[in-house]
Each structure stands twice: as C-alpha cells, then as structure tokens.
J.: 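What follows is a single structure, and I will ask about it in a moment.
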Protein chains: 2
Amino acid sequence: MTEKPEPGVPLHFVVKTRLIELLDQLGEGAALPPERSLAKDFGVSRWTMRQAIRELTADGRLRARQGQGTFVATPKLIQPLALVSYTEALRAQGHDPGREVVGFDQIPADAVLAASLGIAEDDAVYRLERVLLADGQPIGLETTYLAVERFPTLREVLRPTGSLYRCLTDDLGVRFGEGEEVVETVIATPREAELLKATQSLPMLLLNRISRDTDGRTIETVRSLFRGDRVGFRATLRP
Amino acid sequence: MTEKPEPGVPLHFVVKTRLIELLDQLGEGAALPPERSLAKDFGVSRWTMRQAIRELTADGRLRARQGQGTFVATPKLIQPLALVSYTEALRAQGHDPGREVVGFDQIPADAVLAASLGIAEDDAVYRLERVLLADGQPIGLETTYLAVERFPTLREVLRPTGSLYRCLTDDLGVRFGEGEEVVETVIATPREAELLKATQSLPMLLLNRISRDTDGRTIETVRSLFRGDRVGFRATLRP
DNA sequence: AAGTGGTCTAGACCACTCC
DNA sequence: GAGTGGTCTAGACCACTTG
C-alpha cells in the first residue's frame, strides 16, 4: 500500500475494506475491474488482491465467473429451518425452485448410517442425491438416505423430479413427527463444488438431519450442503 | 506431485486427501510435521501445502498455533439452537463455560437497529460485547443490543460476569416469548479473529437473533459470531 | 486470439514461542 | 537464536469465455 503500514492488520484486509467501499458505489450485478488491474491500482500483488476478493466471495458480496469477470452479488437467500418442503418454502419467497437428480442407487449401510436409521450394518439403503436450484442457480446438494427394508416400493412410487416429502406422506402413508438438525460450516470437496458450480474451497453450510415419524422411528437421514455465499437459514426459537 | 496429474482436481486437494489419511493415523492432539517439511515430503510448494492445511483447519480437523506447530483437533462442540442460557447449555454437555466482557457502552441506534428494537433512530442503545469461552478457549463473540429507554436501570442491576438472561428474567421481570434466529457463514474480521484467538480468514457461523417477550415486544437483538472450526448447532424440528 | 479468473512455484520477511 | 506458522511478492501456466 502507499500509506499507513497499519501494523498487525494484514494487507489483504485493508484491501478488502477499500474494496467494500468500491462495491457500495457500484450497483448490484455490476462488474468489478479485473484482478490484475485492481492489484495494480491498489499497489499490491495479485495474490493479496485475490485473498481480499476471495473473502468477499465467501461472504456473498461478490461472485466470480471464470472467463467473464467478477460481479457484485445479490443478497443471500434465507430459508426456513423446518420440516417443510423445499419447493414450497422457496416459492413462498417468490423464487423459482428446481431439482436435478444426480443419482439414485442402493448402498450397504456403514456403522453410522445403520445406527441412525435403526437398521443393521450392511443392510441396503437408498441414496438419493439431488442438486437444489433457486431461479435456475444451484444452491445446495441434498443426499437422502432411507432404509430399503422399510420402503421396498419406493423405487416404483417415486418420480425423481417430484417431491420426496409428498411421496412419503401421500403415497406411503408416512406421518412426520419431530426431527433434529445439526448445522455447521465445512469446506466443499471438489466434486461438491463442481456440482454446485462453485469455485473450490468455498465455505458451505452443512445440515445433517434426522426425520422421525410420530412413533419416533427414523424415516430418513439427510445430508444437505448449501453454498455459504448464497444461503442462510431462519429458525424460530421457543422458550 | 510425483504421480497422477489428475486433471481437473487441484493439487492442494490431492494433498488434503493424503493429509487426512495421515491425520487418521495420528491421534487427537498429536503434532503434525512442520509445513515446510510436509511440503518437501509431498513434493509441493509451501503455498499448496498451506492451502490444504487451511481447509482442514476451517473444517475443524486441524489447529495451527503460531510458533508452536499444527495439531490434530478435537471434535466440534454442538450447542442447542434455542432460547436457553449459554452457561447451562454448555455445562449440560460436560464443558466449562466462561464469559469475558469486552465492552459495555451506549450508542445511538442506526436505522436497522432502531427498526428491530422498535425505537426511533438515534435513540440510546446498550451494547454489551462478550467473548464466550468453553474450557478456557474462546469460541464465540456475542454482541447484545437493548433499548436504554426500556431498561433504564440495567447498568446498575447487571453484574457483567453474571448471566444477562437471568438478570432480565429474575431482576427485571422480563418474560421471554418466541424469538427468531438467522444462521449464515461469514469470514471473521481481523478484530473478531483476534478476540477469538483465531487465524485470519476463518469461516464463522453468524447468528442474528431477535428475542421477544410474551407480548411480542422486542427485548434484545443479538449478533453472535462463533468459530466455524470449533462449533456447530443443533435445532429441533417440528412438523 | 485475447482476456478473464484459478492454480502453483520459489523465495522472502515478519510474528510468535521455546530453549 | 532457532524453528514455527502468517503474510506477501513476482512471475508462470492453465481453463474458460467471448469475439
């Protein structure tokens, strides 16, 4: 930088702060100057500029598209943290929901899966993997596990593009009871990042859910991975 | 790397994968070899090795301590996502809770704060900032905002080291009703990272809470920032 | 072909901890 | 003082998008 070495404060953060001022001037969707020219303007190396841009990308303020440029992003999408249909929740907020089935197969249960589904190890388990879309953009990757023994006809009943939730309740007579969900941050694997059309090493929100029916039996376990730069969740707290 | 260029898969991820195998062999708390020697062993640059280590650090698998080394981390702490006392929740899990008051002052409300607290802009607001500790380690930074007009005696009644929740309910007769909380990922600012004794650019879990009393009036708004590598949250879902 | 973001190298210096 | 992780530079090549 030209002025004020600011001891203790990393250079990339000073850059980030000045970059935010620039962002606020530009409108939503506006294109940022190329990294190389920004680095030159700010008098820092490209690495330092990229570090600042990367943080703003993780924070959801910027979106980088390879071969095109970097753009000011739109605000995050806030979804309800509840046992409701993804489709309905998104539509209620005026967005266009979508799903793409990535895979639907059967695997033997490992120890953890067997314990949470209440079955024996190596028992057959459905694995349904879907990319969740909002307004055509991939925002999440949802992997659902169900015991084959409990839902032997699922393969014939479920239309992959339809709602699993609706299929279970309407066609198979399942009654959802309480569930629990653990939320944490993780870094996407390359495969996950690719499916979500995200750049590598993006912080994600990982939701691990167990759904039980009204008798307390486990219906499904779900591993949902959402782009941390695009999504947040709202929970209602009761005293 | 020595073998298999693996097109499409970034080198730092191949390193990360091999590093995980190494981690599983070492026990919890074990020291990792220094970055420079690891980079040499794996045949990559130090930057690439650091990228792999950084992701494992963000995932909570590793902990780096400057001047000491890098160590295999303990599992994340899972807290309930509910309107309960932080102290009680942590103690219930067999951990030792603690708090450190960073600041307690009054500020004029900006537009956002005024709207959520139901007061006029520039009205006085308490700002109570505390670092949350678990077993002596800082894991979160909690900033609470309350309207001065509503709790004029708070300053005299509250012992900074005590429970704010208990002070409000027992001493000031507040009855907590429903609240809501929005969860998302952000990158820590340098100040926040320093208070949490974390390395820069660490993904964090940001919880923005609004608590209301049984009449629906806003009691407080809370901005809680938790280390994403050390903490997760559990929510109970109702149909 | 040109320009963009994405990855990687080699080397440097700083800040911190321990001896 | 030696060794550790943390930051930064200058330069290179790759992958992708657009003309």
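The chains referred to below are lettered A, B, ... by the order of the sequence lines, with proteins before strands, and numbering in each begins at 1.
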J.: Consider the side chain of A:T48, meaning its heavy atoms from C-beta on, and name the nucleotide among C:dC18, C:dG6, D:dT9 that approaches it most closely.
T.: D:dT9
J.: When you measure from the side chain of A:L11, which nucleotide among D:dC8, D:dG5, C:dG6 comes out closest?
T.: D:dC8
J.: Judged by each residue's nearest nucleotide on DNA chain D, which is more toward the 5′ side, B:R50 or B:P34?
T.: B:P34
J.: Find the distance A:F71:CZ to D:dT17:C1' and express it as a whole number of Å.
T.: 11 Å
J.: Phosphate oxygens OP1/OP2 of D:dT4: is one of them under 4.0 Å from a side-chain N or O of B:R65?
T.: no
J.: For a quick test of reading the model: is some side-chain N or O of A:Q68 closer than 4.0 Å to OP1 or OP2 of D:dT18?
T.: yes
J.: Does atom CD of A:E194 have more than 12 heavy-atom neighbours, drawn from other residues, nucleotides or ligands, at distances under 6.0 Å?
T.: no
J.: Looking at A:F71, is A:R65 sitting on its ring face, NZ or CZ under 6.0 Å from the six-membered ring centre and within 45 degrees of the normal?
T.: yes
J.: I need the CZ-P distance between B:R63 and C:dT17, as an integer number of Å.
T.: 14 Å
J.: Regarding A:S211 and A:E220, do their side chains bring together a donor and an acceptor under 3.5 Å, going by distance alone?
T.: yes
J.: Should the pair B:E88-B:R166 be classified as a salt bridge under the 4.0 Å nitrogen-to-oxygen rule?
T.: yes
J.: Distances under 3.5 Å between protein N/O atoms and the N/O atoms of nucleotides 10-14 of chain D, please, pair by pair.
T.:
{"unit_1": "D:dA12", "atom_1": "N6", "unit_2": "A:R46", "atom_2": "NH1", "d": "3.3"}

J.: Starting at NZ of B:K40 and ending at P of C:dT9, how long is that distance when rounded to a whole Å?
T.: 15 Å
J.: Atom CZ of A:F42 and atom C1' of D:dC8: how far apart are they, to the nearest Å?
T.: 17 Å
J.: Establish, for the pair A:R18 and A:F42, whether the NZ or CZ atom is under 6.0 angstrom from the six-membered ring centre and no further than 45 degrees off its axis.
T.: yes
J.: Report the distance from atom CD1 of A:I53 to atom C1' of D:dC8, rounded to the nearest whole Å.
T.: 16 Å
J.: Quick test of your reading of the model: are B:E100 and B:K197 salt-bridged, counting only N-O distances below 4.0 Å?
T.: no
J.: Can you measure A:E35 atom CD to D:dC16 atom P for me and round it to whole angstrom units?
T.: 16 Å
J.: Over how many whole Å does the gap from A:K197 atom NZ to C:dG6 atom C1' extend?
T.: 18 Å
J.: Please state how far atom CE in B:M49 lies from atom C1' in D:dG5, giving the value in whole angstrom units.
T.: 14 Å
J.: May I have all residue pairs that pass salt bridge (charged side-chain N to carboxylate O under 4.0 Å, His left out) and include part of residues 37-48 of chain B, sequence neighbours excluded?
T.: B:E35-B:R46
